[in-house]
Amino acid sequence: MSDQNTNTERWMVATAAALRALTAYFPVGEVLNSAVSAAPGRLLPQFFPCQKSVDKPCQGWTFASTKTGLGAQGAMLCPCARGQSAALLPLLELAEEFSGEFNLPAQSARPKKRTFTLAAERAEVLLQILGWMHWAAKMGFPPRQETAWVEEFVELPLETQQRQALRWWIRLVELNQLINNEVFTLLTRRSLQELYKRGQMIAIAHTFEQLSICDTSLVVLCLTGDALKPTGQHSQALAWFESFLSCMDDSRAGLCLIAAQPLLDDVSSEDSFSQDMSRDYRWRVRRHSAERSQSLERVLRRGSWDRLLEALARGDHLLRARVQS
């Protein structure tokens with residue numbers, strides 16, 4: 001194994017450990033419970049308060065410098081106020097995927113950037129996520145959210161507890177840059193489902209705006225969890241995914257998908273869509289073999305399937321341009 005591959009694997013193992021550590025200090029469930037609809041994705045004060053001394057309660061600002069004989073000089077926003085203005089919940093949602101132990105697959109090949117990747121096992125899914133994050137770290141993609149504020153506090157006369165808290169903000173900002181940068185934004189199924197529960201399509205659209213997702217953006221969606229299943233005509237089981245696809249359509253962003261089920265039906269299968277389309281509607285429930293996951297082509301309703309293909313096509317165009325540049 002080459003030194004480059006060894007260094008890449010070490011980086012992935014260390015990054016997985018850093019993400020797992022976040023879940024110990026920032027349990028996603030508690031963060032969600034402390035969130036409010038007006039500020040989705042933010043770490044609010046009641047969950048991660050300022051670390052100033054008890055006898056000096058935080059007023060949202062701190063002194064900029066301390067000069068001998070003159071005392072404290074000037075004032076600026078406290079690190080807690082700056083950090084809480086960033087949308088970091090998608091990072092914590094992704095970190096939750098690494099809450100268990102992670103070992104690189106024995107025969108792991110370096111993940112390739114594709115618009116659709118089939119990853120049936122948990123280890124394969126996490127490897128794909130780390131592959132995207134490593135690409136961002138290697139290429140130094142600029143963050144979408146402002147990060148320069150961290151450097152402003154490095155030389156300030158912060159209290160010990162504040163400086164300890166600043167280390168956490170630095171780690172959060174660094175990891176967030178690897179999943180939300182000017183090239184791509186990495187989202188998980190869990191984060192979208194939670195957003196939909198809290199505000200349906202409006203919450204997802206607001207998060208797209210908060211993450212600055214636009215027509216030059218690549219959205220990498222990791223469909224973790226159980227395979228998607230077809231629903232009846234009146235079922236809302238896939239409403240969260242359909243809302244996500246609608247937001248993708250509105251933003252004209254490109255999509256890359258990591259899923260545990262195939263994108264298309266196997267044309268050699270006796271019950272493939274191409275062979276029964278004349279006697280069945282796509283949105284009705286079908287019988288299907290339990291031995292394998294149904295394809296997304298079979299699961300999604302026609303309109304959602306069309307929007308998915310369009311988003312993947314845009315993603316392919318953007319991804320090719322990024323990889324070749």
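Bear in mind the structure is a predicted one, so any value in this text is a computation, not a measurement.
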Inset, instruction - Assess whether atom NZ of K113 is packed by more than 12 heavy atoms of other residues, nucleotides or ligands within 6.0 Å. - result: yes
Inset, instruction - Flag yes if more than 12 heavy atoms outside R122 fall under 6.0 Å of its CZ atom; otherwise flag no. - result: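 Yes, enclosed.
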Minimum-distance pair of heavy atoms, taken over all atoms of [X] and [Y]:
| X | Y | value |
| --- | --- | --- |
| S251 | M248 | OG-O, 3.2 Å |
| L218 | L318 | CG-CB, 4.0 Å |
| S212 | S217 | O-OG, 3.7 Å |
| T188 | L94 | CG2-CA, 3.9 Å |
| R314 | A253 | NE-O, 2.9 Å |
| F102 | A16 | CD2-CB, 3.7 Å |

From [X] [atom1] over to [Y] [atom2], what is the distance, rounded to the nearest 0.5 angstrom?
| X | Y | atom1 | atom2 | value |
| --- | --- | --- | --- | --- |
| C214 | E182 | SG | CD | 9.5 Å |
| N176 | L186 | CG | CG | 11.0 Å |
| C247 | L195 | SG | CG | 10.0 Å |
| I204 | L192 | CD1 | CG | 5.5 Å |
| W11 | K138 | CH2 | NZ | 11.5 Å |
| L91 | I179 | CG | CD1 | 4.5 Å |

Check whether any side-chain heavy atom of [X] sits under 4.5 Å from a side-chain heavy atom of [Y], and report yes or no.
| X | Y | result |
| --- | --- | --- |
| P90 | L211 | yes |
| R322 | M139 | no |
| E297 | L263 | no |
| I170 | L172 | no |
| L312 | L257 | yes |
| L187 | T185 | yes |
| C256 | L319 | yes |

Legend entry - Evaluation steps, side chain to side chain contact (heavy atoms under 4.5 Å, CB included), between Q145 and Q177: CA-CA 8 Å; Q145 300 186 59; Q177 181 175 349; over 6 Å; no
Legend entry - Pair R190 + E93: basic N to acidic O under 4.0 Å: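 Yes.
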Legend entry - Ionic contact status for D249 with R307, cut-off 4.0 Å: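 No.
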Side chain of [X], backbone of [Y]: donor and acceptor closer than 3.5 Å?
| X | Y | result |
| --- | --- | --- |
| S243 | A239 | yes |
| R144 | N181 | yes |
| T15 | M12 | no |
| R189 | T224 | yes |

Distance-only criterion, 3.5 Å: show the donor-acceptor pairs between side-chain atoms of residues 125-136 and protein atoms not counting sequence neighbours.
none

Legend entry - D250: side-chain contact (heavy atoms from CB on, under 4.5 Å) partners, not counting sequence neighbours: M201
Legend entry - Qualifying residues under side-chain contact (heavy atoms from CB on, under 4.5 Å), relative to Q261, sequence neighbours excluded: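 With sequence neighbours excluded, Q261 shows a side-chain contact (heavy atoms from CB on, under 4.5 Å) to A227, L228, S293, L296, V299, given in chain and number order.
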Legend entry - Any donor-acceptor N or O pair under 3.5 Å, side chains T115, D316: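 No donor-acceptor contact under 3.5 Å links the two side chains.
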Inset, instruction - Mind telling me whether F241 and F244 have parallel, tilted or perpendicular rings, with 30° and 60° as the class edges? - result: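 If you compare the ring of F244 with that of F241, the planes turn out parallel.
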Inset, instruction - Would you kindly confirm whether L245 and L264 end up in one hydrophobic cluster when ILVMFWY residues are joined by side chain heavy atoms under 4.5 Å apart? - result: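 In one cluster with L245: L264, yes.
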Legend entry - W240 reachable from I202 in the ILVMFWY side-chain graph, under 4.5 Å edges: no
Inset, instruction - Using side chain to side chain contact (heavy atoms under 4.5 Å, CB included) as the criterion, point out the one residue from L19, L92, N180 that pairs with L175. - result: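 With L175 as partner, L19, L92, N180 yield a single side chain to side chain contact (heavy atoms under 4.5 Å, CB included), made by L19.
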Inset, instruction - Apply side chain to side chain contact (heavy atoms under 4.5 Å, CB included) to the pair R171 and L22, showing each step before the final yes or no. - result: CA-CA 9 Å; R171 174 176 289 189; L22 291 184; 4.1 Å; yes
